[in-house]
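Input: a single structure, listed below in structure tokens.
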Protein chains: 2
Amino acid sequence: MSSTARGARARARTEITAAIKDEARRQLADEGAARLSLRAVARELGMVSSALYRYFPSRDDLLTALIIDAYDSLGETAEAAHAAAADAGAVRRWSAVCEAVRTWALGHPHEYALIYGSPVPGYVAPKTTVPAASRVGLVLIGILRDAHQGPGLAVPPLAPELRPEADRMTADLAPDLPPETVAALVAAWAQLYGLIGFELFGQFKGVVEDRDPFFRHAVDRLAHGVGLGDPR
Amino acid sequence: MSSTARGARARARTEITAAIKDEARRQLADEGAARLSLRAVARELGMVSSALYRYFPSRDDLLTALIIDAYDSLGETAEAAHAAAADAGAVRRWSAVCEAVRTWALGHPHEYALIYGSPVPGYVAPKTTVPAASRVGLVLIGILRDAHQGPGLAVPPLAPELRPEADRMTADLAPDLPPETVAALVAAWAQLYGLIGFELFGQFKGVVEDRDPFFRHAVDRLAHGVGLGDPR
DNA sequence: TCGAAGCAAGAGCACTGCTCTCGTTTCTGG
DNA sequence: CCAGAAACGAGAGCAGTGCTCTTGCTTCGA
């Protein structure tokens with residue numbers, strides 16, 4: 001069935017659903033997730049709060065929808081940055097993606113906090129979020145894959161005790177890459193978000209002032225850590 | 001003035017203040033910061049909610065107190081781990097501190113989320129938290145200082161564009177260390193919390209299963225990144 | 001066309017943080 | 001020692017929250 005030209009009711013439903021998410025995202029950007037209020041969203045949209053429950057069965061479900069959208073928005077940003085740097089070398093592409101993630105985070109702090117900050121109360125992310133959440137990681141894997149097929153990938157060391165888990169991760173994530181690389185990548189992936197989170201959540205206040213070059217340098221070191229970059 | 005044997009009223013005040021924080025910490029561990037309710041705390045303590053405002057002028061102030069306590073608890077843990085490994089080499093001490101931080105985080109997930117997760121609504125951490133928040137970092141700096149005074153510290157590379165900021169950070173944090181080392185340390189510090197945060201907040205679910213060796217290895221690589229460890 | 005399903009509205013419940021008032025207890029300075 | 005000041009606990013109350021239930025109206029599909 002086509003997505004346009006369904007019944008008027010169905011069309012209204014998708015429109016209103018989108019309007020709710022838009023308004024919720026606005027309030028999210030203004031006040032943060034904790035202050036997002038269903039009633040306020042409904043009020044702003046000129047409807048009564050109970051009507052909103054026709055579209056989202058609970059506040060958590062609205063948040064889940066926003067989470068998925070945020071993952072997708074971030075993933076799309078990362079993919080676009082990668083595509084824009086498609087002709088550059090692996091390190092440049094790595095840096096471009098990392099910086100795109102950071103820029104997105106700085107521009108959407110509350111959405112970033114929603115997906116990479118502390119999880120909400122008793123909330124557990126449903127499986128639905130997994131594909132959207134994987135997009136940035138897949139881009140990074142792709143960069144390493146390209147480098148591996150070409151000549152440019154050094155193989156980082158790997159602690160023997162990590163070998164079994166590294167093999168497991170490799171089978172799951174990128175069977176064509178060396179386990180050493182996959183283990184290093186997963187760590188770098190988490191570390192990237194450590195850097196961004198510290199900047200975003202104020203941990204660098206009074207410590208790192210000129211953050212652009214700091215981040216660029218850290219990301220460059222991260223690239224070396226996964227085996228990218230000119231062998232010095 | 002001695003801390004005991006003040007007036008009965010003052011003693012009661014500190015006792016009740018502590019009881020409030022204890023009960024709040026309990027609810028924090030059960031439900032998370034978002035669900036911490038002043039009324040529920042008061043109820044559990046057999047007092048009326050308004051009475052609680054004699055001790056903490058607002059919910060945010062209660063949270064601030066818990067945040068400082070959490071920083072102190074974590075810092076103390078890190079310091080103890082460092083002291084317990086005092087005789088070991090720099091890498092071992094580095095690992096011991098990092099693993100102590102991780103273990104504390106896994107044992108106090110909600111308190112960890114409180115201090116290193118997304119900040120609460122419009123909340124900005126008052127300056128009061130700074131000393132407590134610095135304790136882990138100071139321990140790590142101390143390890144590098146020791147290694148630097150001995151023979152065991154390699155100097156990591158530094159991007160030229162980061163030189164001014166690295167000099168500034170060095171003057172602030174550890175004037176006796178090379179700027180290259182300080183810059184690498186600050187990055188490693190943030191990256192450590194990326195690793196812990198990803199594990200704690202569920203980002204590793206379905207990706208990293210056997211997390212102890214993964215973390216050990218990542219922390220070991222981090223140590224190398226700041227110049228510690230046997231030159232291979 | 002007619003019953004079913006979707007929908008908006010309103011009232012209401014139990015809860016929240018926070019304020020204000022009021023009577024009581026404790027402390028403190030003259 | 002004792003009067004005024006300060007601290008305190010209790011209670012009522014306000015404005016707000018997420019969520020439920022009922023009541024009519026509209027749209028849809030067989």
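Because the structure is predicted, anything quoted here is derived from the model rather than measured. Throughout, a chain's letter reflects where its sequence line sits, starting with A, and its residues are numbered from 1.
Contacts between residues 20-29 of chain A and DNA chain C, counted as heavy-atom distances below 4.0 Å, involve no residue at all.
When every heavy atom of A:Phe201 is checked against every heavy atom of B:Gly117, the shortest pair comes out as CD1-O, 3.6 Å. Pairing each heavy atom of B:Arg168 with each of A:Val207, the nearest pair is NH2-O, 3.0 Å. A:Ala96 and A:Ala81 make their closest contact through O-CB, 3.9 Å (heavy atoms, listed as atom of the first residue, atom of the second, distance). When all heavy atoms are compared, the tightest approach of B:Val182 to B:Ala174 is CG2-O, 4.2 Å.
Here B:Tyr55 lies in heavy-atom contact (under 4.0 Å) with sugar-phosphate atoms only. Using a 4.0 Å heavy-atom cutoff across all strands shown, B:Ile16 reaches sugar-phosphate atoms only and no base atom. Within 4.0 Å (heavy atoms only), A:Leu52 reaches no atom of the nucleic acid at all. Looking at heavy-atom distances under 4.0 Å, B:Leu36 makes contact with sugar-phosphate atoms alone, never a base.
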Contact list (N/O, under 3.5 angstrom) for nucleotides 4-6 of chain C vs protein:
residue, atom, partner, partner atom, Å
C:dG6, N3, A:Arg9, NH2, 3.3

Scan nucleotides 12-14 of chain C against the protein and return all N/O pairs shorter than 3.5 Å with their distances rounded to 0.1 Å.
residue, atom, partner, partner atom, Å
C:dG12, O6, A:Arg39, NH2, 3.3

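With DNA chain D read from its 5' end, the first of the two nearest nucleotides for A:Arg43 and B:Gly46 is the one closest to B:Gly46.
When DNA chain D is scanned 5' to 3' for any atom under 4.0 Å from a heavy atom of chain A, the first and last hits are D:dT17 to D:dC28.
B:Asp72 pairs by the side-chain contact (heavy atoms from CB on, under 4.5 Å) definition with B:Ile68, B:Ala132, B:Arg135, not counting sequence neighbours. Under the side-chain contact (heavy atoms from CB on, under 4.5 Å) criterion, B:Ala133 pairs with B:Tyr71, not counting sequence neighbours. Judged as a ring-ring contact (aromatic ring centres under 6.0 Å, His included), and not counting sequence neighbours, the contacts of B:Tyr112 are B:Tyr116. Take A:His217 and apply the side-chain contact (heavy atoms from CB on, under 4.5 Å) test, not counting sequence neighbours, and it matches A:Arg221, B:Leu158, B:Ala159, B:Leu162. Applying the side-chain hydrogen bond (donor to acceptor under 3.5 Å, both in side chains) criterion to A:Ser58, with sequence neighbours excluded, gives A:Asp61. Among residues two or more places apart in sequence or in another chain, the side-chain contact (heavy atoms from CB on, under 4.5 Å) test is passed with B:Ala80 by none.
Evaluation of the ring pair (Phe, Tyr, Trp, His ring centres under 6.0 Å) test over residues 8-67 of chain A, restricted to residues two or more places apart or in two chains, returns none.
A close approach under 4.0 Å does occur between a side-chain nitrogen or oxygen of B:Ser37 and OP1 or OP2 of C:dG17.
At a threshold of 4.0 Å, the pair A:Arg26-A:Glu23 counts as salt-bridged, since one of the basic side-chain nitrogens sits closer than that to a carboxylate oxygen.
A straight line from CZ of B:Arg59 to C1' of C:dC15 spans 13 Å, rounded to a whole angstrom.
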Listed pairs under 3.5 Å, donor-acceptor, residues 138-145 of chain A side chains, sequence neighbours left out:
residue, atom, partner, partner atom, Å
A:Arg145, NH1, A:Asp176, OD1, 2.8
A:Arg145, NH1, A:Asp176, OD2, 2.8

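Contact annotation: side chain of A:Ser50 to base of C:dA9, donor-acceptor pair present below 3.5 Å.
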